[in-house]
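Taking it in order: structure first as structure tokens, then the write-up.
Below, all heavy atoms of this structure are taken into account, side chains as well, without hydrogens, waters or symmetry copies. Throughout, protein chains are lettered first and strands after them, A, B, ... in sequence-line order, and every chain is numbered starting at 1.
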Amino acid sequence: MRNTTFSIAPLGDSAIMIEWEQRISPIIHAQVMQAFHHLQSLQQPYITDLIPAYASLAVCYDAAQIRQAVKRPARAWITSFITQALQEAGASTAAALPGRSLEIPVCYHPSLAPDLATMAQQKGLSEEAMVALHTATTYTVYMLGFLPGFPYMGTVDAQLVTPRLKQPRTQVPAGSVGIAGEQTGIYPLPSPGGWNIIGRTPLRMFDANRADPCYCRPGDQVRFVPVSLEAFTKLLS
Amino acid sequence: MNLRVLQPGLLDTVQDAGRHGYQHLGINPGGVMDRIGMYVANSLVGNDPAEAVIELHFPAAAFLLDAPAMIALSGADLGAMVNDQPVPINRPLVVSGQSVLRFTRPVSGACGYLAIRHGLALDSWLGSYSTHLPAGAGGFGGRALQKNDVVPLRLATSYNAVLRQQQVAELPWTAGTGELYGAADRIHITEGSGFALLNAHAQEQLTTSSFAVAPQSDRMGFRLQGPPLKTEHKAELLSAGVPLGTIQLLPNGQLIVLMADHQITGGYPRVAHVITVDQPTLAQLRPRQELRFAMIAPDTAEELLWQQEQRLLFLQNACKLRLEEWLSHYGLH
């Protein structure tokens, strides 16, 4: 995190926003994740939530508790706490925690990929070439949002970049793998949605009963592995 | 000892102060729309202020309490009746076994809260009893209450000495909530990073125009109807974390305020943030009701938050003292 600059600004009266250079880049995101992991490791009880995204980290805090404990304005206290913590993180020579490497099986069979053929046609590519491009990249999970465990991953090969559907679907099945702009993502739960669906994973991306309900974490490195419809069905059970 | 749903309402869910610490996984906090309503209802019956309550929207459910219980209602006044006898909000009530609690008309406010002394015997999910509807987890089976649902209660107490053949006894004190809520024509906001994107006229309109809560508003967000706010230039923003109360500017110039079940990240300009203190006032507005914003500095917002916290603590302590005195008088605890 050396030689990097960030800014801190209020985000309402109970959160602050740390922002880095505003662009999608694995290097900037690594800084976000380093700050996230460092702040998480401090287990500061007044910090109620940390929300890492592409080039920002929102820090939610309990203003009343801080004020009660430190007897001075919470925002000033949290701002200096964060500034100091980020300087520590930046000064440390330890490499940022690498994200986990995950392999996610995806079946690109037409029955599970309602938008694959249309996209292939628009781009003048074969469906096989589309799949090859989608599976060739290792993606970074930049953030989770929209639904519990929905990973926003990037960035897809330039040839795969596709705007969201003009008319969102009322129901997208859980496990559906989609593309929106230069991002790719997976619907962890059935939901309305406007991403272009090109396949489906048999993995349960979200399961409330698991100790870790969400399959992905921010910073994970994801590779998609194509599987046949038979393998998909087998893995589902 | 149970609470049985005789008739379902529009959206009755178990909620508490929310599920915190999981937003990095995309799990939003949820929780009550009006934290004051939860706090007051719980305080009146001697619960922890953040104990799980049932949040009610009109038309609200009808419930059967199968054993005597101490309950309190707060937040919206939904014309509550116990066995056809009108009962007030913001007051502890002791009701006899086999009592029917129902809600007859939306008198004021949008979200009502039902707290029951000793609380609901449910399992928490990730440290909270709040119902997460998309995840199907937390609260009562991860969903809104339906007909014939039986919500188990933690502890039964005999209130025979109190009730003496009556079906309802109102305890002789009321929680004053007047100072806890603000006014709809003065919902305080602080500047967001997107405020600077608005043109000078739109910056002025934000605090001089009247906005109405759109009918399609829900627990996720309040859409506002007002003059379209124009930006100086178009901005492409990266999605980032957005907390409760964030006011986002949609591409059509309309505003949406993020409420309890809001998504965690957003890519629209964040023009302002409704201060924590005024979020309950906003939550209690019904569709088509009008509101106005007033801009204050973040430090002032925090000062107001601190003052509200002190008032809530004072109210909680006052309730506790009255209740302890009353309980010991009847040899209860």
| said: Please classify the contact of B:Thr190 with chain A as side chain, backbone, both or neither, using a heavy-atom distance under 4.5 Å. | reply: side chain

| note | Honestly, the part of B:Glu309 sitting under 4.5 Å from a heavy atom of chain A is side chain

| A:Leu11 side, atom CG; B:His273 side, atom NE2 - distance, nearest 0.5 Å | 4.5 Å

| request: Mind checking the OG-CD spacing from A:Ser14 to B:Gln279? Nearest 0.5 Å is all I need. | output: 7.5 Å

| task | For residues 162-181 of chain A, pull every pair meeting ring-ring contact (aromatic ring centres under 6.0 Å, His included), keeping only residues two or more places apart or in separate chains. | result | none

| task | Would you confirm whether A:Asp49, through its side chain, and B:His20, through its main-chain N or O, come within 3.5 Å as a donor-acceptor pair? | result | no

| field | chain A interface, residue from B:Ala137, B:Ala240, B:Ser193 that has the most non-hydrogen pairs under 4.5 Å | value | B:Ala240

| For A:Ile24, is it the side chain, the backbone, both, or neither that has a heavy atom closer than 4.5 Å to a heavy atom of chain B? | both

| query | Would you say A:Gln22's side chain and B:Leu238's backbone share a donor-acceptor pair under 3.5 angstrom? | reply | no

| Taking atom CZ of A:Arg75 and atom CG of B:Leu305, what is their separation to the nearest 0.5 Å? | 13.0 Å

| field | Side chain, backbone, both or neither of B:His262 within contact of chain A (heavy atoms, under 4.5 Å) | value | neither

| query | Between atom CG of A:Leu144 and atom CD1 of B:Ile264, what is the distance when rounded to the nearest 0.5 Å? | reply | 8.5 Å

| note | Note: A:Pro52 and B:His24 closest approach over all heavy atoms is CD-CB, 3.6 Å

| message | For B:Asn252, I'd like to know if atom CG has over 12 heavy atoms of other residues, nucleotides or ligands within 6.0 Å. | response | yes

| query | Which atoms of B:Ile189 come close to chain A, meaning under 4.5 Å heavy atom to heavy atom: side chain ones, backbone ones, both, or neither? | reply | neither

| message | Does anything in residues 200-210 of chain A reach chain B? List residues with heavy atoms under 4.5 Å apart, or say none. | response | A:Phe206, A:Ala208

| message | If we define contacts as heavy-atom pairs under 4.5 Å, which of A:Pro148, A:Ala58, A:Ala15 has the most with chain B? | response | A:Pro148

| query | Under a 4.5 Å heavy-atom cut-off, does chain B meet the side chain of A:Pro190, its backbone, both or neither? | reply | neither

| request: Report, as yes or no, whether the 6.0 Å neighbourhood of atom CD on B:Gln216 holds more than 12 heavy atoms from other residues, nucleotides or ligands. | output: yes

| message | I need the minimum non-hydrogen distance between A:Leu189 and B:Pro134, along with the two atoms involved. | response | CD1-O, 3.4 Å

| note | The reported gap from CZ in A:Phe150 to CG in B:Leu25 (rounded to nearest 0.5 angstrom) is 15.0 Å

| query | Between A:Ala64 and B:Trp306, what is the shortest heavy-atom contact and its length? | reply | O-CZ3, 3.4 Å

| request: Search all heavy atoms of A:Ile51 against all heavy atoms of B:Gly241 and return the closest pair with its distance. | output: CG2-CA, 3.9 Å

| note | Honestly, the part of B:Glu191 sitting under 4.5 Å from a heavy atom of chain A is neither

| Is it the case that more than 12 heavy atoms not belonging to A:Arg100 sit under 6.0 Å from its CZ atom? | yes

| For A:Tyr46, what residues pass the ring pair (Phe, Tyr, Trp, His ring centres under 6.0 Å) criterion, not counting sequence neighbours? | A:Trp77

| task | Let me know if B:Ser239 has heavy atoms under 4.5 Å from chain A in its side chain, its backbone, both or neither. | result | both

| field | Residue selection (most heavy-atom pairs with chain B, distance under 4.5 Å) from A:Glu19, A:Gln68, A:Arg217 | value | A:Gln68

| query | Checking A:Tyr142 against chain B: side chain, backbone, both or neither under 4.5 Å from a heavy atom? | reply | neither

| Is a side-chain N or O of A:Asp13 found less than 3.5 angstrom from the main chain of B:Ile275, in a donor-acceptor match? | no

| task | Using heavy atoms and a sub-4.5 Å threshold, report which of residues 167-186 of chain A line up against chain B, by residue number. | result | none

| field | Most chain B-contacting option - heavy-atom pairs closer than 4.5 Å, from A:Val141, A:Asp212, A:Leu50, A:Val59 | value | A:Leu50

